[in-house]
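Here the structure is laid out as structure tokens; the discussion comes afterwards.
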Amino acid sequence: MPTVTIVRRETGGTDSFEQEFEFEKGFQGSVIDLLHELNGRETLTDAAGNPARRICFECSCETGSCGACAMLVNDKPVLACEASVPEELRRAGGLRLAPLTAFPCVCDLQVNRDILRDRARDAGLWLTGEAREAEDGFFSACLQCGLCAEACEKYRSGKFDAPCAYVSADLVAALDGADAARRKGMKRALKKPFLCPCKTAPCEPVCPQRLPLRQAIKRVGGSLFPR
């Protein structure tokens with residue numbers, strides 16, 4: 001039978017461990033479907049037959065529209081509801097699930113992404129007017145899932161906000177209601193974005209909404225932090 005390896009951590013615990021579970025051969029669903037299947041068993045046991053507690057993870061819409069189920073699937077930051085189990089088995093030869101490493105782990109595959117909301121609050125990144133162009137409105141599609149932060153090395157260094165923060169800043173700065181005081185507050189709160197330091201832009205391929213993150217970073221850098 002095929003197996004899935006899950007990186008686990010007790011609530012409030014510090015040490016992680018791996019636990020392997022068997023699932024039915026020919027399973028055709030997504031990673032989220034598989035997690036639901038495991039947790040739906042009357043008795044959950046690992047591949048060695050040992051009793052196991054239910055797996056902790058987040059999900060909501062299960063259609064790729066909310067970002068709640070962001071995690072690492074075979075070391076790739078993805079939305080688990082969009083990751084096909086058969087495709088992952090064919091691509092990687094196995095299946096390994098782990099929480100995002102850019103945020104504190106709460107339990108198993110669940111992480112705390114409050115920092116994204118807190119940074120947006122501190123920078124005043126909320127809407128008070130109408131977007132002037134269709135492109136400006138497009139940026140509001142950000143899910144705040146954190147996948148771009150997971151992929152961004154500069155975010156991990158602490159010298160850079162998550163790319164999604166600059167997406168929101170780009171939208172707010174483009175609004176008619178973004179007066180000088182508002183822009184000054186954004187500039188004071190946000191970490192200065194230079195031209196995107198990544199040559200490969202790893203944040204863009206993992207964005208579920210395929211937002212032009214590098215373009216947003218560049219525009220915020222030029223608009224709020226002119227040289």
Side-chain angles (χ1 to χ4, degrees), residues 58-61 63-71 77-79 99-106 110-198 201-227:
E58 285 186 288
C59 68
S60 183
C61 71
T63 62
S65 301
C66 72
C69 64
M71 65 180 66
V78 298
L79 297 184
L100 298 180
T101 61
F103 307 98
C105 182
V106 175
Q110 181 183 3
V111 298
N112 184 341
R113 287 169 289 192
D114 285 351
I115 188 173
L116 297 179
R117 183 179 66 248
D118 292 344
R119 293 293 296 151
R121 179 200 62 207
D122 294 344
L125 303 181
W126 57 84
L127 301 183
T128 59
E130 295 292 332
R132 292 183 300 182
E133 301 177 2
E135 183 184 44
D136 295 331
F138 176 65
F139 286 119
S140 66
C142 175
L143 303 180
Q144 297 287 298
C145 62
L147 294 182
C148 61
E150 181 71 22
C152 179
E153 293 181 3
K154 290 297 181 181
Y155 175 78
R156 295 173 180 279
S157 73
K159 299 177 181 179
F160 209 63
D161 274 303
C164 58
Y166 301 110
V167 166
S168 299
D170 185 49
L171 171 60
V172 174
L175 298 178
D176 289 330
D179 56 19
R182 190 179 186 88
R183 293 170 65 89
K184 183 177 180 180
M186 292 167 58
K187 182 176 179 179
R188 182 174 60 250
L190 287 173
K191 296 176 182 177
K192 182 177 180 179
F194 299 97
L195 294 181
C196 185
C198 303
C203 58
E204 289 193 345
V206 303
C207 176
Q209 302 295 76
R210 297 297 184 263
L211 297 176
L213 300 174
R214 294 185 72 185
Q215 178 182 342
I217 293 170
K218 180 179 179 180
R219 294 203 305 197
V220 169
S223 173
L224 297 181
F225 302 92
R227 291 175 180 265

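Quick note: numbers below take in every heavy atom, side chains included, and nothing from hydrogens, waters or symmetry partners.
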When rounded to the nearest 0.5 angstrom, what distance separates SG in C164 from CZ in R119? 11.0 Å
Return the set of residues passing side-chain contact (heavy atoms from CB on, under 4.5 Å) with Q110 (not counting sequence neighbours), or none when no residue passes. C56, E58, V106
All heavy atoms of L125 vs all of S168, minimum pair found to be CD1-CB, 3.9 Å
By side-chain contact (heavy atoms from CB on, under 4.5 Å), V78 pairs with (sequence neighbours left out) V73, K76, A83
For K187, what residues pass the side-chain contact (heavy atoms from CB on, under 4.5 Å) criterion, not counting sequence neighbours? F225
At what distance, to the nearest 0.5 angstrom, does OH of Y166 lie from CG of L213? 12.0 Å
Taking salt bridge (Lys or Arg N to Asp or Glu O under 4.0 Å) as the test, write out the residues that go with R188, two or more places apart. none
Within a strict 4.5 Å, meaning less than it, do heavy atoms of the C66 and L143 side chains meet? no
Ion pair D170/R219, N-O distance below 4.0 Å: yes
Within the structure provided, determine whether L147 and L100 are in side-chain contact (heavy-atom separation under 4.5 Å). yes
I want to check something: taking the side chain as every heavy atom from C-beta on, are C152 and P163 in contact at a cut-off of under 4.5 Å? yes
What pairs with P202 under side-chain contact (heavy atoms from CB on, under 4.5 Å), at least two apart in sequence or on another chain? A151, C198, T200
Residues which pass salt bridge (Lys or Arg N to Asp or Glu O under 4.0 Å) with E204, listed by chain and number, not counting sequence neighbours: none
d(R113 CZ, C145 SG) to nearest 0.5 Å is 7.0 Å
Find the distance between OH (Y155) and NZ (K191) and round it off to the nearest 0.5 Å. 7.5 Å
With S65 via side-chain hydrogen bond (donor to acceptor under 3.5 Å, both in side chains) - residues at least two apart: T63
Can you tell me how far CZ of F103 sits from CG of D114, rounded to the nearest 0.5 angstrom? 10.5 Å
To the nearest 0.5 Å, what is the distance between CZ (F160) and NZ (K192)? 12.0 Å
Here the pair of heavy atoms bringing G67 nearest to L79 is CA-CD2, 3.7 Å
Minimum heavy-atom distance A68-S60, with the two atoms named: CB-N, 4.2 Å
Quick check: do V206 and E150 have side-chain heavy atoms less than 4.5 Å from each other? no
